[in-house]
Amino acid sequence: MKHWLVKSEPEAYSWATFVREDGTAWTGVRNYQARNNLNLMQPGDLVLFYHSVSEKAVVGVAEVTAQAIPDPTAEAGSPWVAVALRPVQALPRPVSLAQLKADARLSELALLRQSRLSVLPVRPEEFDVVLSLSQP
DNA sequence: GCCAACGTTGGC
DNA sequence: GCCAACGTTGGC
């Protein structure tokens, strides 16, 4: 099982909406590196849900429920894909970008190294560190 | 194939 | 609001 992180601007698509809809097709990714990561996702993989821009914090954990298919919001024949995600749990407390940056165990975190990429791999130990940081 | 121009993302 | 990083586009 692999671990990932996806970003969303809460004004565009928030964790609350994601929970209310009980999951969604993760469409609209238009970057090749992010697309490659989507293609590597398998059902059961766990995904950190990050609110970018206005909040800058990991807010929840999602699970991949369907592997990549052609993105229905893209032109037919385009290379873009979408996976299906569903919410697993909100974090007890959001883990802010500042917290992530401050933790030496997360110095290699892909989010911190490639801040513009919207679909990123997370190492299992990094995933566990983020969860532990969210504990009250 | 190179590179300048331009657009977008996202942190500050 | 600004700007750095970075991806894409298009002229040459």
Side-chain angles (χ1 to χ4, degrees):
Chain A
M1 194 235 295
K2 298 196 189 69
H3 299 78
W4 308 93
L5 181 147
V6 297
K7 292 197 286 202
S8 183
E9 292 191 35
E11 292 75 17
Y13 188 82
S14 69
W15 170 261
T17 303
F18 181 57
V19 169
R20 177 160 17 92
E21 297 179 347
D22 197 30
T24 193
W26 206 254
T27 57
V29 172
R30 297 292 183 269
N31 168 282
Y32 282 99
Q33 202 175 344
R35 188 276 313 257
N36 293 344
N37 288 332
L38 289 178
N39 274 326
L40 292 172
M41 289 186 182
Q42 292 294 326
D45 286 359
L46 295 177
V47 184
L48 297 173
F49 194 110
Y50 177 81
H51 274 165
S52 64
V53 183
S54 55
E55 188 176 359
K56 286 170 287 185
V58 181
V59 294
V61 177
E63 179 186 4
V64 177
T65 55
Q67 65 185 45
I69 59 166
D71 185 338
T73 70
E75 252 182 79
S78 76
W80 309 119
V81 301
V83 298
L85 300 179
R86 75 147 189 234
V88 174
Q89 58 161 169
L91 293 188
R93 288 183 314 187
V95 179
S96 70
L97 181 63
Q99 280 179 280
L100 299 175
K101 283 184 169 178
D103 197 303
R105 295 168 295 177
L106 300 176
S107 61
E108 302 292 314
L109 192 67
L111 176 71
L112 304 179
R113 304 222 149 201
Q114 281 180 279
S115 63
R116 287 186 57 203
L117 191 57
S118 63
V119 182
L120 302 141
V122 176
R123 295 174 185 167
E125 60 272 24
E126 292 170 335
F127 189 90
D128 291 341
V129 169
V130 174
L131 291 191
S132 70
L133 290 174
S134 80
Q135 295 305 315

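A note on names: the letters A, B, ... follow the listed sequences, proteins ahead of strands, and every chain is numbered from 1.
Put simply, A/Lys7 has a side-chain N or O that comes within less than 4.0 Å of OP1 or OP2 on B/dG10. Between A/Tyr50 and the phosphate of B/dG11, there is a side-chain N or O to OP1/OP2 separation shorter than 4.0 Å. At least one side-chain nitrogen or oxygen of A/Lys101 sits closer than 4.0 Å to the OP1 or OP2 atom of B/dC12.
Distances were taken from every side-chain heavy atom of A/Arg116 (C-beta onward) to each of C/dG7, B/dG11, C/dC6; the shortest belongs to C/dC6. Here the side chain of A/Glu9 is nearest to one of B/dC12, B/dG10, C/dG7, namely B/dG10. When distances run from any side-chain atom of A/Lys56 to the nucleotides B/dC12, B/dG10, C/dG7, the shortest one goes to B/dC12.
Closest approach of A/His3 to A/Pro124, counting heavy atoms only: ND1-CA, 3.9 Å.
Atom CD of A/Glu11 is separated from atom P of B/dT8 by 18 Å (rounded to the nearest Å). Distance CG (A/Asn31) to P (C/dT9): 12 Å, rounded to an integer number of Å. Between A/Gln33 atom CD and B/dT9 atom C1' there is a gap of 14 Å when expressed in whole angstrom units. Distance, A/Arg113 CZ to B/dT9 C1': 20 Å, rounded to whole Å. Residue A/Glu55 contributes atom CD, which lies 18 Å from atom C1' of B/dT9 at whole-angstrom precision. With rounding to whole Å, A/Leu117 atom CG is found 8 Å from C/dG7 atom P. Atom OH of A/Tyr32 is separated from atom C1' of C/dT9 by 13 Å (rounded to the nearest Å). Between A/His51 atom NE2 and B/dG10 atom P the separation is 13 Å, expressed in whole Å.
At a threshold of 4.5 Å between non-hydrogen side-chain atoms, the residues A/Pro121 and A/Asn37 count as touching.
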Stepwise side chain to side chain donor-acceptor pair (under 3.5 Å) check, A/Glu11 with A/Ser54: CA-CA 8 Å; A/Glu11 292 75 17; A/Ser54 55; 2.7 Å; yes
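For the 3.5 Å distance criterion, the side chains of A/Ser14 and A/Arg20 fail to qualify, holding no donor opposite an acceptor.
One N or O on the side chain of A/Thr65 and one on the backbone of A/Ala84 form a donor-acceptor pair closer than 3.5 Å.
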